[in-house]
Structure formats: structure tokens, C-alpha cells
Amino acid sequence: VVARAIIDAGLADQLEPGQGVSVRAGQRTLAGKVVSVGLEPAEYPGSELRYPLAVAVPQPAGLPLRVGEKVRLILE
């Protein structure tokens, strides 16, 4: 499963593919990895540039994540 987020330029500069990220889904915490950090800004309302982030998240046994389920990404 891939979790997607839109992040600001300062955070985008700190992340790189392969970097570990904790993914919180309800009471579960899973170990994810950054797949990609966009190089071009995403269309986002407001004046601050925002960039797409993709994080690979393993499917937990017995309690799979569902498409569209909200998760929280915690940077390590």
C-alpha cells in the first residue's frame, strides 16, 4: 500500500527515497519507507509551494489497511 501526502518545501528537502517513516493507523504503528518526494510542486491552494510524498506501507496481517484510510506519517 502507498500512503500519499502533500508536504512543504522545507520538509521535502529533508526527505529522500529509502528513508524510514513510521505510519500510524488507528492504534497500529507500521514501519514505512519513502518511495518518492516530488520535484515539481503539486497544485495546492495558497501561496506556499507543496510537494507530493509517497510512502510504502506494508500490509499488516489480519488488519489490512483500506484504500482511503487516513494514516499519520511520523518522520524519524
Side-chain angles (χ1 to χ4, degrees):
V1 174
V2 176
R4 300 185 187 281
I6 301 295
I7 58 176
D8 65 34
L11 188 52
D13 288 341
Q14 297 175 30
L15 297 172
E16 58 185 49
Q19 183 174 343
V21 176
S22 294
V23 180
R24 187 105 168 119
Q27 298 301 315
R28 301 171 287 173
T29 300
L30 307 166
K33 287 200 184 278
V34 173
V35 175
S36 66
V37 180
L39 297 175
E40 295 183 19
E43 290 193 24
Y44 192 81
S47 60
E48 189 175 339
L49 294 177
R50 303 273 180 176
Y51 296 85
L53 170 67
V55 175
V57 184
Q59 279 286 33
L63 293 170
L65 295 174
R66 292 184 168 74
V67 173
E69 183 175 350
K70 290 185 179 185
V71 298
R72 180 173 298 220
L73 302 175
I74 304 165
L75 305 179
E76 299 173 349

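Atom set for the values below is all heavy atoms of this structure, side chains included, hydrogens, waters and symmetry mates excluded. What you see is a predicted model; the values in this text were computed from it and never measured.
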Can you tell me if R72 has over 12 outside heavy atoms packed within less than 6.0 Å of its CZ?
no

Are more than 12 heavy atoms from other residues, nucleotides or ligands located less than 6.0 Å from atom CD of E40?
no

Among all residues two or more places apart in sequence or in another chain, which pass the side chain to side chain donor-acceptor pair (under 3.5 Å) test with R4?
none

Exercise: identify the closest heavy-atom pair between Q14 and Q19
O-OE1, 3.4 Å

Could you give the distance from CG (L73) to CZ (R24), rounded to the nearest 0.5 Å?
13.0 Å

Do K33 and V21 have side chains that get closer than 4.5 Å, going by heavy atoms?
no

For P41 and Y51, the nearest pair of non-hydrogen atoms, with its separation, is N-CE2, 3.5 Å

Minimum heavy-atom separation for V57 and A3, please, with both atom names.
CG2-CB, 4.0 Å

When every non-hydrogen atom of A25 is compared with those of V71, the smallest separation belongs to CB-CG1, 3.8 Å

Drop me the distance from L53's CG to L11's CG, to the nearest 0.5 angstrom.
7.5 Å

I7 side chain reached by L15 side chain, heavy atoms, under 4.5 Å:
yes

For residues L30 and V34: do they belong to one hydrophobic cluster (side chain heavy atoms under 4.5 Å, members Ile, Leu, Val, Met, Phe, Trp, Tyr)?
yes

Could you state whether V1 and V23 fall into the same hydrophobic cluster, counting links through intermediate Ile, Leu, Val, Met, Phe, Trp or Tyr residues with side-chain heavy atoms under 4.5 angstrom apart?
no

Minimum heavy-atom separation for V2 and A54, please, with both atom names.
CG1-CB, 3.8 Å

Spacing of L49 atom CG and I6 atom CD1 [to the nearest 0.5 Å]:
12.0 Å

Taking every heavy atom of E16 against every heavy atom of V37, the minimum-distance pair comes out as N-CG2, 4.5 Å

